[in-house]
Amino acid sequence: METTDTRHKSRTILEGRDRAGARAMLRAIGFDDEDFGRPIVGVAHTWIETMPCNFNQRRLAERVKEGVREAGGTPMELNTVAISDGVTMGTEGMKASLVSREVIADSIELVGRGHMFDAVVALVGCDKTIPGAAMALIRLGVPGFVVYGGSIAPGRFQGHDVTIQDVYEAVGSHAAGKMSDADFKDLEVHACPGAGACGGQFTANTMAMALEFLGLSPMGSASPPANDPRKDEVCVEAGRLVMDLLGRGLTPQDILSRESFENAIAAVAASGGSTNAVLHLLALASEAEIPLDIDDFDRVSQRTPIVADLKPGGRYTAVDLDRAGGTRLFGRRLIEAGLVDGAQLTTTGRTLAEEVEDAEE
């Protein structure tokens with residue numbers, strides 16, 4: 001039986017007499033012979049102190065690394081840049097947002113190739129980090145997947161839940177004299193209570209969900225909010241899972257298909273998700289060399305009803321979706337309705353149908 005070399009990349013950079021210099025440099029930061037003899041797993045993240053969306057990723061990266069070590073690997077952490085659409089909106093800085101997707105993809109790919117990681121787990125948060133990391137994984141062609149850092153919890157204002165969307169809407173209300181200075185400031189102070197990406201079905205939550213249906217994120221991993229203790233467990237399990245994938249040699253190229261992209265489009269449509277998914281899924285399909293064009297979005301969307309009442313078009317947040325059963329239950333509903341193909345493979349090596357089978361009501 002053919003066996004997979006779990007050190008298929010890192011042997012080149014770390015093994016043998018000629019690589020003593022590389023090992024000597026890595027010893028300076030705590031690596032040792034035992035570390036060098038294990039597969040090297042890149043743990044990429046997009047931590048940055050310019051937004052709440054990615055602010056929990058240093059902690060989550062430690063949890064992923066814990067899982068990698070438990071499963072017999074050596075993790076190496078790296079991070080890259082991010083631009084917040086929400087913070088830069090309405091300024092010249094907003095022009096940097098889409099460009100950042102390419103920088104994120106390029107930088108993760110560059111480090112992955114340069115340091116010859118055997119596998120990669122990418123932690124993401126804000127809008128462009130999700131497709132950027134996925135693009136890099138497709139290019140690298142090594143076992144790996146994306147883990148979403150989670151949604152922000154809703155804030156509380158005058159006895160009800162609010163999101164950043166309410167703040168943007170309040171700008172107009174305040175300008176029109178329909179909201180007092182005190183209420184306006186109170187809403188601003190309480191709308192975003194901690195780490196996590198914007199709470200509605202905006203681009204971040206939309207793309208996190210899309211990657212689960214695409215097969216590039218473990219199903220159900222996106223649902224726990226950013227500061228929920230379950231997110232730490234998701235990340236420990238991600239570290240274990242990537243080692244399992246490495247042992248089986250399962251790469252994004254083995255998972256992605258035309259049908260999996262149609263699943264992702266259907267999930268976006270059924271959740272009332274962001275139209276930015278069109279830009280990002282087309283980019284991912286291009287990286288994977290899978291034919292997909294803008295007309296496919298129209299065709300799939302026309303046959304897909306909206307089944308989730310999520311902000312900004314609806315009433316509820318991503319945290320509410322998690323409380324109602326999360327993406328696993330959502331996925332089961334879509335499969336039962338014939339809206340997505342449950343036979344498609346996911347990053348766990350199981351089919352989408354198998355992943356959602358045990359979803360709790």
Side-chain angles (χ1 to χ4, degrees), residues 85-86 126-127 130-131 148 150-154 160-166 168-169 196-217 219-225 258-285 292-344 346 352-353 355-357 359-361:
D85 288 37
C126 67
D127 296 10
I130 303 173
Y148 180 46
S151 174
I152 195 171
H160 64 274
D161 287 352
V162 291
T163 70
I164 191 65
Q165 177 186 352
D166 295 283
Y168 295 137
E169 292 174 355
C198 297
Q201 198 69 347
F202 308 117
T203 306
N205 284 315
T206 295
M207 288 306 301
M209 177 183 285
L211 289 198
E212 289 186 307
F213 283 85
L214 193 59
L216 287 185
S217 288
M219 177 56 67
S221 63
S223 292
R258 168 77 179 202
E259 291 75 19
S260 67
F261 274 94
E262 292 202 0
N263 280 353
I265 295 169
V268 170
S271 66
S274 170
T275 54
N276 282 335
V278 177
L279 292 174
H280 300 320
L281 289 173
L282 286 173
L284 294 177
L292 191 74
D293 62 42
I294 197 167
D295 292 335
D296 293 314
F297 289 81
D298 189 46
R299 176 176 53 79
V300 175
S301 296
Q302 281 187 346
R303 73 179 189 222
T304 308
I306 295 178
V307 299
D309 188 12
L310 296 171
K311 291 176 179 286
R315 295 172 291 173
Y316 299 104
T317 67
V319 174
D320 294 318
L321 177 64
D322 175 61
R323 291 170 181 152
T327 47
R328 282 186 185 275
L329 184 58
F330 181 68
R332 196 176 86 187
R333 291 285 183 263
L334 297 189
I335 291 173
E336 289 171 348
L339 299 174
V340 299
D341 181 0
Q344 295 308 302
T346 72
L352 184 62
E355 283 297 294
V356 304
E357 185 177 354
E360 296 182 3
E361 296 287 348

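Reckoned from all heavy atoms, side chains included, excluding hydrogens, waters and symmetry mates. Just so you know, these numbers come straight off a predicted model, no measurement behind them.
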Could you tell me which non-hydrogen atom of Ala270 sits nearest to which non-hydrogen atom of Phe330, and how far apart they are? CB-CZ, 3.8 Å

Thr304 to Val300 - nearest heavy-atom pair and separation: OG1-O, 2.7 Å

Is there a side-chain contact between Met219 and Thr346 (heavy atoms, below 4.5 Å)? no

Test side-chain contact (heavy atoms from CB on, under 4.5 Å) applied to Leu284 and Phe261, step by step: CA-CA 9 Å; Leu284 294 177; Phe261 274 94; 3.9 Å; yes

Which atom names give the shortest non-hydrogen contact between Ser301 and Ile265, and what distance separates them? OG-CG2, 4.4 Å

Hits for side chain to side chain donor-acceptor pair (under 3.5 Å) against Ser151, two or more places apart or cross-chain, chain-then-number order -> none

Quick check for you: to the nearest 0.5 Å, what is the distance between Ser223 atom OG and Met209 atom CE? 7.0 Å

Determine whether a donor-acceptor pair (N or O, by modelled atom type, separation under 3.5 Å) exists between the side chain of Asn205 and the backbone of Phe202. no

Begin from the C-alpha positions of Asn263 and Leu214 and carry the test side-chain contact (heavy atoms from CB on, under 4.5 Å) through to its verdict. CA-CA 6 Å; Asn263 280 353; Leu214 193 59; over 6 Å; no

Under the side chain to side chain contact (heavy atoms under 4.5 Å, CB included) rule, collect the residues that match up with Thr203, sequence neighbours excluded. Asp127, Met207, Ser274, Asn276, His280

What pair of heavy atoms forms the shortest contact from Ile306 to Ala269, and how long is it? CG1-O, 3.6 Å

Residues two or more places apart in sequence or in another chain: which of them pass side chain to side chain contact (heavy atoms under 4.5 Å, CB included) with Arg315? Asp309

Whether Arg328 side chain and Glu355 backbone form a donor-acceptor pair below 3.5 Å: yes

Evaluate the side-chain contact (heavy atoms from CB on, under 4.5 Å) criterion for residues Leu211 and Ile130: first the C-alpha distance (whole Å), next the side-chain angles of each, then the deciding distance (0.1 Å), finally the verdict. CA-CA 8 Å; Leu211 289 198; Ile130 303 173; 3.5 Å; yes

Please identify each residue that fulfils salt bridge (charged side-chain N to carboxylate O under 4.0 Å, His left out) with Asp85, with sequence neighbours left out. Lys128

Smallest heavy-atom separation, Ile152 atom then Gly199 atom, equals CG2-N, 3.7 Å

Can a side-chain donor-acceptor contact be found between Thr327 and Glu212 if the only test is distance below 3.5 angstrom? yes

Between Asp295 and Asp293, the two heavy atoms sitting closest are N-OD1, 2.9 Å

Would you compute the distance between atom CD1 of Ile294 and atom CG of Leu281 and round it to the nearest 0.5 angstrom? 11.5 Å

Under the side chain to side chain contact (heavy atoms under 4.5 Å, CB included) test, which residues partner Arg323, sequence neighbours left out? Val319, Asp320

Under 3.5 Å donor-acceptor, Tyr168 side chain and Gly86 backbone: yes

Which residues share a side chain to side chain contact (heavy atoms under 4.5 Å, CB included) with Glu259, sequence neighbours left out: Ser257, Asp341, Gln344

